[in-house]
Amino acid sequence: MGLELFGLCLYAYLAGAVPTPYLIARLVKGIDLRNYGSGNVGGSNVIRQLGKRWFVPLTAIEFLLKGLSPTLLAYLILADDFPSGPRASFLFLCVPLLALIGNNWSVFLRFQGGRGLMVVCGITLALVPVLFLVTITVYLIGWRVSRNSAVWALVAIVLLPILAWVPGGAMTLDWQGLWLLGRDGISSLPGRNESLVISVLGCAILGVVVLKRLVGNSLSFPEDVSTNRVILNRLFKDRDVDDREKWVGRTPD
């Protein structure tokens, strides 16, 4: 199992580290995405710089390659090594978590990268489809009402480790569990150990997302904004300054 797990972890990090938004911006417009707009190597910045037509192909690649594929491969390859199911082991968590870390700190971009929200979506859809559906619904409703994507993305991720403890274990059902639940009824619900593992994974995802927001792709702070204000802006607005249009409209000097 050791060699298989190492190979999966390596694949997960490298798959996550593929800088898809950066490559698309380079190939289509010849620009370094890190020097334009928010500087984020992610889908929202690609759309601002290249147009909405790139939303579907980009998110599909991020979702499938970086989020779904490492997690599903871990399921398939490690299934026989964990009789109670791969999700019941903390070792299994290394695989999806490394995909997110690879996206956020890519070895191909000198350890810069995006925020990994689509990667998180792919991971949670593969692992816990019910929990994914609930949290993405919270995000979409919150974003629709407030038009503040950064805050509601953070709220949705905060809910991951919390909702994993909803009594009965329905939130932590995987795809096989959903099928068994439909066939056998409530006896197929997961146990507390899986809730613990999923909750730990949710906490780890939250930690990675928060850390990436705080450090961004640069540790330098604007000179005309206080350090405390920059930290709060990065955490809750995912930018350094209050003025969103000024932030997303930046271009190289």
Side-chain angles (χ1 to χ4, degrees), residues 1-27 33 40-44 46 54-82 85-109 111-133 135-136 139 153 156-157 160 164 172-179 194 197-198 200-202 204-209 212:
M1 183 185 71
L3 188 59
E4 292 174 339
L5 184 62
F6 173 78
L8 282 168
C9 287
L10 182 61
Y11 169 77
Y13 176 80
L14 293 177
V18 175
T20 316
Y22 173 86
L23 292 173
I24 290 175
R26 274 291 194 191
L27 293 171
L33 208 57
N40 179 33
V41 189
S44 58
V46 168
W54 290 100
F55 174 78
V56 172
L58 176 62
T59 54
I61 294 172
E62 299 279 284
F63 192 85
L64 296 172
L65 173 66
K66 300 182 180 184
L68 277 174
S69 74
T71 308
L72 293 179
L73 275 176
Y75 257 115
L76 294 173
I77 294 175
L78 299 178
D80 294 335
D81 296 307
F82 299 103
R87 292 194 322 163
S89 169
F90 288 102
L91 286 174
F92 175 74
L93 303 186
C94 298
V95 179
L97 193 61
L98 278 169
L100 179 60
I101 292 172
N103 179 86
N104 292 8
W105 292 280
S106 171
V107 67
F108 304 117
L109 293 179
F111 299 101
Q112 297 179 339
R115 299 299 190 262
L117 295 181
M118 288 307 302
V119 181
V120 173
C121 286
I123 292 169
T124 52
L125 178 61
L127 283 176
V128 278
V130 178
L131 186 53
F132 165 76
L133 182 61
T135 52
I136 197 66
Y139 164 73
I157 294 173
L160 290 175
T172 58
L173 281 169
D174 60 10
W175 290 100
Q176 183 181 21
L178 284 173
W179 181 77
E194 288 202 16
V197 174
I198 296 301
V200 169
L201 176 62
I205 288 173
L206 176 62
V208 171
V209 169
K212 183 60 183 182

Open item on the list: According to side chain to side chain donor-acceptor pair (under 3.5 Å), does anything in residues 14-26 pair up with another residue at least two apart or in another chain? List the pairs.
Closed with: Thr20-Glu62, Tyr22-Arg26
Open item on the list: So Leu206 and Leu160, do their side chains get closer than 4.5 Å, heavy atoms only?
Closed with: no
Open item on the list: Testing the basics here: between Leu8 and Ala74, what is the closest heavy-atom pair and its distance to 0.1 Å?
Closed with: CD1-CA, 3.8 Å
Open item on the list: Return the CG to CD1 distance between Leu93 and Ile198, rounded to the nearest 0.5 Å.
Closed with: 7.0 Å
- [ ] Report yes if some heavy atom in the side chain of Ile61 is under 4.5 Å from a heavy atom in the side chain of Leu65; otherwise report no.
- [x] yes
All N/O donor-acceptor pairs, side-chain side in residues 115-122, below 3.5 Å, sequence neighbours left out:
| unit_1 | atom_1 | unit_2 | atom_2 | d |
| --- | --- | --- | --- | --- |
| Arg115 | NE | Asp238 | OD1 | 2.9 |
| Arg115 | NE | Asp238 | OD2 | 3.4 |
| Arg115 | NH1 | Asn40 | OD1 | 3.3 |
| Arg115 | NH2 | Asp238 | OD1 | 3.4 |

TODO: Calculate, to the nearest 0.5 Å, the distance between atoms CG and CG belonging to Leu73 and Leu68 respectively.
DONE: 10.5 Å
TODO: Find the distance between CG (Leu201) and OG1 (Thr172) and round it off to the nearest 0.5 Å.
DONE: 12.0 Å
- [ ] Please round to the nearest 0.5 Å and tell me the distance separating atom CG of Leu127 and atom CG of Leu173.
- [x] 12.5 Å
Task: Closest non-hydrogen atom pair, Ala12 against Pro70 - done: CB-CB, 3.8 Å
Task: Atom of Leu133, atom of Ile136 and distance for their closest heavy-atom approach - done: O-CG2, 3.3 Å
Task: All pairs passing side chain to side chain donor-acceptor pair (under 3.5 Å) where residues 120-130 contributes a residue, at least two apart - done: none
Task: Any Leu5 side-chain heavy atom under 4.5 Å of Val95 side chain - done: yes
Open item on the list: Within the supplied structure, the quantity of interest is the number of heavy atoms (other residues, nucleotides, ligands) at a distance under 6.0 Å from Phe55 CZ; does it exceed 12?
Closed with: no
Open item on the list: I need the Phe63 CZ to Leu58 CG distance, nearest 0.5 Å.
Closed with: 13.0 Å
- [ ] Go through the steps to decide whether Val107 and Tyr13 satisfy the test side-chain contact (heavy atoms from CB on, under 4.5 Å), and finish with yes or no.
- [x] CA-CA 9 Å; Val107 67; Tyr13 176 80; 3.6 Å; yes
Task: Atom of Ala99, atom of Lys66 and distance for their closest heavy-atom approach - done: CB-O, 3.3 Å
- [ ] State, with a plain yes or no, whether a side-chain heavy atom of Leu125 is found less than 4.5 Å away from one of Trp175.
- [x] yes
TODO: State, with a plain yes or no, whether a side-chain heavy atom of Tyr11 is found less than 4.5 Å away from one of Ile77.
DONE: no
TODO: Could you go through the side-chain hydrogen bond (donor to acceptor under 3.5 Å, both in side chains) check for Lys212 and Asn104 one step at a time?
DONE: CA-CA 7 Å; Lys212 183 60 183 182; Asn104 292 8; over 6 Å; no
- [ ] Compare every heavy atom of Pro21 with every heavy atom of Val46, then report the nearest pair and how far apart it is.
- [x] CG2-CB, 3.4 Å
- [ ] Say whether, by atom type as modelled, one donor and one acceptor occur between the side chain of Thr59 and the main chain of Val56 under 3.5 angstrom.
- [x] yes
Task: Atom of Val209, atom of Ile157 and distance for their closest heavy-atom approach - done: CG2-CD1, 3.7 Å
Task: Rounded distance [0.5 Å steps], CG in Leu14 versus SG in Cys9 - done: 11.0 Å
Open item on the list: Just so I know, are the side chains of Tyr75 and Asp174 near enough to count as touching, which here means a heavy-atom distance under 4.5 Å?
Closed with: yes
